Every structure is written in C-alpha cells, then in structure tokens.
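Only a predicted model underlies this, so the values are computations on that prediction, with no experimental measurement involved. Just so it is clear, the values below take in all heavy atoms, side chains as well, and ignore hydrogens, waters and symmetry mates.
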Amino acid sequence: LKQYKFDEAWSLHHGSYYRQVMALAGIKQSNGFTIDSKSRLLDRNFVLPPEYKSRHFREQVSAFLEMAGYDLAPFHY
C-alpha cells in the first residue's frame with residue numbers, strides 16, 4: 001500500500017486491524033466508524049450510538065455512510 005501513496009481510505013469495518021494498516025501505509029486521511037467510542041487511529045471518525053452494536057453489519061455501514069453525507073435512500077429496500 002505504501003508504494004501507491006493513497007491520499008484517502010475508508011474502512012467499512014469497525015475493528016482496529018484495517019485502521020492500523022492504513023496508518024502503517026501512511027495514508028493521509030483515514031475515515032471509518034466505531035460504536036460508542038472514538039478511535040485514535042482515524043482522522044475522521046464517525047461514532048455510532050451503542051444500540052448499533054447488536055444490529056446487522058449492513059445497518060452499521062449504512063448508518064456510517066449516511067453520517068458521512070451519502071444519500072442511501074434510493075438503495076433502501
């Protein structure tokens with residue numbers, strides 16, 4: 001990843017492994033979400049409320065993307 005020199009990356013997983021990879025790769029802007037707490041490894045961290053912990057991963061990612069400003073209304077079924 002370092003050789004490509006990415007400016008920005010989005011982590012759609014709330015675990016820390018991918019955040020560590022982004023940090024080690026020197027990615028300038030890392031975006032992602034956590035549930036009920038902040039991550040020091042993310043430059044732009046979206047914190048979901050604690051009730052999302054028991055929800056399906058698809059719902060967690062959808063909430064994260066909507067908080068980031070993406071309109072997902074056309075994709076809801």
I need the full list of salt bridge (Lys or Arg N to Asp or Glu O under 4.0 Å) pairs touching residues 9-23, with sequence neighbours left out, sorted by first then second residue.
none

Quick one: CZ on Arg40 to OG1 on Thr34, what's the gap to the nearest 0.5 Å?
12.0 Å

Between Gln60 (side chain only) and Arg55 (backbone N and O only), is there a donor and an acceptor less than 3.5 Å apart?
yes

With respect to Phe64, which candidate in Phe57, Phe46, Tyr52 satisfies the ring pair (Phe, Tyr, Trp, His ring centres under 6.0 Å) definition?
Phe46

Linking I/L/V/M/F/W/Y whenever their side-chain heavy atoms sit closer than 4.5 Å, directly or via other members, would Phe33 and Val47 fall into one cluster?
no

Is the shortest heavy-atom distance from the side chain of Met22 to the side chain of Leu42 under 4.5 Å?
yes

Could you grab the distance from atom CG of Asn45 to atom OG of Ser30, nearest 0.5 Å is fine?
9.0 Å

Kindly indicate whether the side chain of Ile27, heavy atoms from C-beta on, has any atom under 4.5 Å from the side chain of Val21.
no

As an exercise, state the distance from CD of Glu51 to CD of Glu59, rounded to the nearest 0.5 Å.
11.0 Å

Is the OH atom of Tyr18 crowded by more than 12 outside heavy atoms at less than 6.0 Å?
no

Pairs where residues 63-74 contributes a residue and the test side chain to side chain donor-acceptor pair (under 3.5 Å) is met, not counting sequence neighbours
Glu66-His76

Salt bridge (Lys or Arg N to Asp or Glu O under 4.0 Å) contacts in which one or both residues fall within residues 27-36, not counting sequence neighbours:
Asp7-Lys28

In one Ile/Leu/Val/Met/Phe/Trp/Tyr side-chain cluster, 4.5 Å: Phe75, Leu12
yes

Leu41 and Leu48: same hydrophobic cluster, using ILVMFWY side-chain contacts below 4.5 Å?
no

From OG (Ser11) to CD (Gln20), nearest 0.5 Å:
11.0 Å

To the nearest 0.5 Å, how far apart are CE in Met67 and OG in Ser62?
13.0 Å

